Student: 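One structure, pasted below without further comment.
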Amino acid sequence: MLDPKLLREQTALVRAGIARKKFQVDLDAVIAADEVRRHAVAEFEVARSTQNAANKEMAALPKGSAEFQAKVAEMKTASARVKELEKKVSEAEEVWKQIVLSVPNIPHDSVPEGRTEADNKVVSTWGDQTKLVSTVAKPHWDISWFSKAIDFERGVKVTGAGFPFYVGDMARLVRALIQFFLEEAGSAGYTEVHAPLLVNAASATATGQLPDKEGQMYHAQTDDFYLIPTAEVPVTNFFRDEILDEGSLPVKRVGYTPCFRREAGSWGAHVRGLNRLHQFDKVELVKWVHPEKSFEELESLRGDAERLLQKLNLPYRVLLICAGDIGFSHSKQYDLEVWAGGQKRWLEVSSCSNFTDFQARRAGIRFRPKEGKVEYVHTLNGSGLGLPRVLAAILENNLQPDGSVRIPEALRRWYGKETLQF
RNA sequence: GGAGAGAUGGCAGAGUGGUCGAUUGCACCUGACUUGAAAUCAGGCGGUGCCGCAAGGCAUCCGGGGGUUCGAAUCCCUCUCUCUCCGCCA
């Protein structure tokens with residue numbers, strides 16, 4: 001949610017930002033609803049104030065007196081009017097709330113113009129593909145033993161499409177990746193949290209999954225819980241409706257969770273193998289920071305994610321997402337894409353974003369400065385990293401002529417061997 | 001799942017229809033005393049919204065929602081959560 005003051009006092013700026021994002025929002029309707037709301041509030045408060053004063057007088061009168069009885073009769077009409085005005089206020093606030101939630105966050109000045117993903121800017125590329133990618137590279141699903149290591153068919157039997165089993169050393173490799181990501185984040189100052197995998201509607205609303213992206217989440221209807229599409233949801237909600245100490249900022253947390261996404265309608269080309277799943281593992285980095293620091297914190301967050309790919313020796317590039325392709329709640333966003341040498345495609349493995357105060361406002365996460373009023377924190381998050389596509393890149397890029405896969409040095413401590421083969 | 005108790009400010013804990021945003025204690029901040037500190041004393045100390053350049057004023061908030069009443073922290077209904085006991089269980 002945008003700051004209502006910004007909305008009404010710097011309307012032109014907001015309008016320009018929304019235009020850059022290519023969103024269609026009737027800002028005039030938002031402003032009008034705000035005005036109706038404020039007018040209703042003012043009217044109600046005057047009536048209420050009068051009623052309060054009269055009630056104070058009545059308290060001083062003897063209960064049974066004729067004077068008292070007369071006042072009661074008189075106040076009945078005033079009371080009815082207060083109730084009526086109060087109803088008007090809550091209606092006006094409801095209308096305004098609904099409409100203001102449709103206004104997206106505005107993009108930061110450093111975000112490039114653009115309409116689609118084709119307009120995203122490549123800001124850097126790491127790793128020499130000719131050196132780091134195997135000469136016998138092939139798509140991971142074409143590796144001879146692939147279906148033994150990652151069993152999609154039995155996953156279909158047990159659950160449905162997109163819920164594979166990882167078997168034997170492949171399961172071990174998954175666990176090694178999780179360990180590696182968590183340990184690296186720990187060294188970078190993130191406190192590990194092990195979070196709930198189901199959340200209530202209030203949490204899903206605070207981080208922005210509800211009401212718009214409802215169809216993307218699995219819903220446990222008996223208890224009205226949602227399966228998390230990312231650890232961002234429970235981890236960010238940890239501090240929902242709380243006021244943090246300024247001295248504790250920045251707060252940095254890391255969480256590993258499975259993620260569940262219905263991915264309704266997005267199946268089609270390029271989603272074979274590990275490229276898109278209904279259940280996948282991800283390690284997520286979340287930061288709550290001082291508003292003045294959030295854009296530098298975004299750079300360091302991106303650095304924390306990049307370092308993982310470097311240590312795994314996987315070529316990647318960094319995209320600065322253009323205004324038209326950036327998310328609804330985001331102010332600025334970088335994507336990290338790993339090079340999958342077999343598919344010869346870039347695969348997104350991380351998205352690092354600054355939400356500024358947009359998400360904090362929705363979630364009610366604030367801090368108390370040493371002086372002055374309570375303020376909203378800025379929230380950021382980034383994957384560090386999503387597992388399946390990293391796994392795909394490792395399998396494809398490190399495939400050996402003998403059909404085995406060399407495991408990156410950084411993972412051997414937890415994987416325990418040098419190669420993977422079935 | 002069954003029975004009972006409860007939810008009040010950062011924490012503890014009063015308050016059962018009017019002068020209660022709420023006694024008090026702790027914590028915290030400021031000042032006095034002190035070489036400094038402790039102790040003591042005095043004062044201050046919540047969020048949100050609206051109006052205002054500001055000082056400030058008004059409104060609102062006692063778990064959430066609804067109701068009764070001229071008036072609700074206080075009475076009624078409902079939901080959620082917590083605790084205790086019993087049952088079941090990884």
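Computed over heavy atoms, backbone and side chain alike; hydrogens, waters and symmetry mates excluded. In this text, all values refer to a predicted model and were calculated from it rather than measured experimentally. In what follows, every chain begins at residue 1, and chains take the letters A, B, ... in the order their sequences are listed.
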Student: Of all the base pairs, Watson-Crick or G-U under 3.5 Å, which form stems of three or more consecutive pairs involving RNA chain B?
Tutor: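 Correct response: B:1-7 with B:80-86, B:10-12 with B:24-26, B:28-32 with B:40-44, B:46-51 with B:56-61, B:63-67 with B:75-79.
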Student: When you compare B:U8 with B:U74, how far apart are their C1' atoms, in angstrom units rounded to a whole number?
Tutor: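 Per the computed distance, 11 Å lies between those C1' atoms.
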Student: For A:Phe355 and A:His330, take the angle between the two ring planes, folded into 0 to 90°, and tell me which bin it lands in: parallel under 30, tilted 30 to 60, perpendicular over 60.
Tutor: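 Tilted.
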Student: Could you check whether A:Arg361 pairs with A:Asp357 (Lys NZ or Arg NE/NH1/NH2 to Asp/Glu carboxylate O, under 4.0 Å)?
Tutor: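 Looking at A:Asp357 together with A:Arg361, the answer is yes, because their closest N to O distance falls below 4.0 Å.
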Student: Do any N or O atoms from the side chain of A:Arg20 and from the backbone of A:His108 form a donor-acceptor pair under 3.5 angstrom?
Tutor: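 Judged by distance alone, yes, a pair lies under 3.5 Å.
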Student: Can you tell me how far C1' of B:G49 sits from CG of A:Leu85, to the nearest Å?
Tutor: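 Distance check: A:Leu85 CG to B:G49 C1' gives 16 Å.
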Student: Between A:Arg262 and A:Glu214 (salt bridge meaning N to carboxylate O under 4.0 Å), is one present in this structure?
Tutor: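 No, no charged N to carboxylate O under 4.0 Å.
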Student: Can you check the A:Asp241 CG to B:C81 P distance for me, whole Å?
Tutor: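 After rounding, the reported distance stands at 16 Å.
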Student: When rounded to the nearest Å, what value does the distance between C1' atoms of B:C45 and B:C26 take?
Tutor: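 Per the computed distance, 13 Å lies between those C1' atoms.
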Student: Using atom CD of A:Glu35 as one end and atom P of B:G49 as the other, report the distance to the nearest whole Å.
Tutor: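 The distance from CD of A:Glu35 to P of B:G49 comes to 18 Å, rounded to the nearest Å.
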Student: Over how many whole Å does the gap from A:Lys88 atom NZ to B:C50 atom P extend?
Tutor: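 Taking NZ of A:Lys88 and P of B:C50, I get 18 Å after rounding.
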Student: Roughly how far apart, to the nearest Å, are B:A7 and B:C62 at atom C1'?
Tutor: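 Rounded to whole Å, the distance is 10 Å.
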Student: Just to be sure I understand the rule, does A:Arg366 reach a base, reach only the sugar-phosphate, or reach nothing, if contact means heavy atoms closer than 4.0 Å?
Tutor: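 The answer is sugar-phosphate, as A:Arg366 gets under 4.0 Å only of primed atoms, P, OP1 or OP2.
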Student: Just by modelled atom types, is the A:Leu399 backbone N or O under 3.5 Å from a matching donor or acceptor in the A:Lys138 side chain?
Tutor: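 It does not hold such a pair.
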Student: Which whole-number value in Å describes the distance from A:Glu67 CD to B:G18 C1'?
Tutor: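 About 16 Å, once rounded to whole Å.
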Student: Using the P atom on both, measure B:U82 against B:U30 and round to a whole Å.
Tutor: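 It comes out at 39 Å once rounded to the nearest Å.
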Student: So is A:Arg154 actually on top of A:Phe165's ring, under 6.0 Å and inside 45° of the axis?
Tutor: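 No, A:Arg154 does not lie over the aromatic ring of A:Phe165.
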Student: Is a side-chain donor or acceptor of A:Arg37 paired with a backbone partner of A:Ala92 at a separation under 3.5 angstrom?
Tutor: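 Checking the backbone N and O of A:Ala92 against the side chain of A:Arg37, no donor-acceptor pair under 3.5 Å is found.
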Student: Mark up nucleotides 58-80 of chain B, 5' to 3', with B wherever a protein heavy atom is under 4.0 angstrom from a base atom, S wherever such an atom reaches only the sugar-phosphate, and - elsewhere.
Tutor: BSS--------BBS---------
Student: Could you check how far CZ of A:Arg38 sits from P of B:U48, rounded to whole Å?
Tutor: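 Checked: the CZ to P distance equals 18 Å.
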Student: Taking atom types as modelled, find out whether A:Thr236 and A:Asn381 have a side-chain donor-acceptor pair closer than 3.5 angstrom.
Tutor: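 Their side chains do not contain a donor-acceptor pair, so the 3.5 Å distance test is not met.
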Student: Using atom C1' of each nucleotide, how far apart are B:G47 and B:A39 to the nearest Å?
Tutor: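 Roughly 34 Å separates the two C1' atoms.
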Student: Less than 3.5 Å apart, any donor N or O on the side chain of A:Asn120 or A:Asp335 sitting next to an acceptor on the other?
Tutor: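 Distance-only check fails for A:Asn120 and A:Asp335.
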Student: Taking only the P atom of each, what is the distance from B:C75 to B:G1 in whole angstrom?
Tutor: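 It works out to 29 Å between them.
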Student: At under 4.0 Å, does any side-chain N or O of A:Arg37 touch on OP1 or OP2 of B:G49?
Tutor: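 No, no such contact exists.
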Student: If the C1' atom of B:G13 is compared with that of B:G17, how far apart are they to the nearest Å?
Tutor: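 Those two atoms are separated by 23 Å.
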Student: Which whole number of Å gives the distance between the P atom of B:G64 and that of B:G10?
Tutor: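 The same atom, P, in both gives a distance of 13 Å.
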Student: Around A:Gln310, counting heavy atoms of other residues, nucleotides and ligands shown, do more than 12 lie under 6.0 Å from its CD?
Tutor: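 Yes - once you tally the heavy atoms of other residues, nucleotides and ligands closer than 6.0 Å, there are more than 12.
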Student: Classify A:Arg8 by what it touches in the nucleic acid, base, sugar-phosphate, or nothing, heavy-atom distance under 4.0 Å.
Tutor: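 It contacts sugar-phosphate atoms only.
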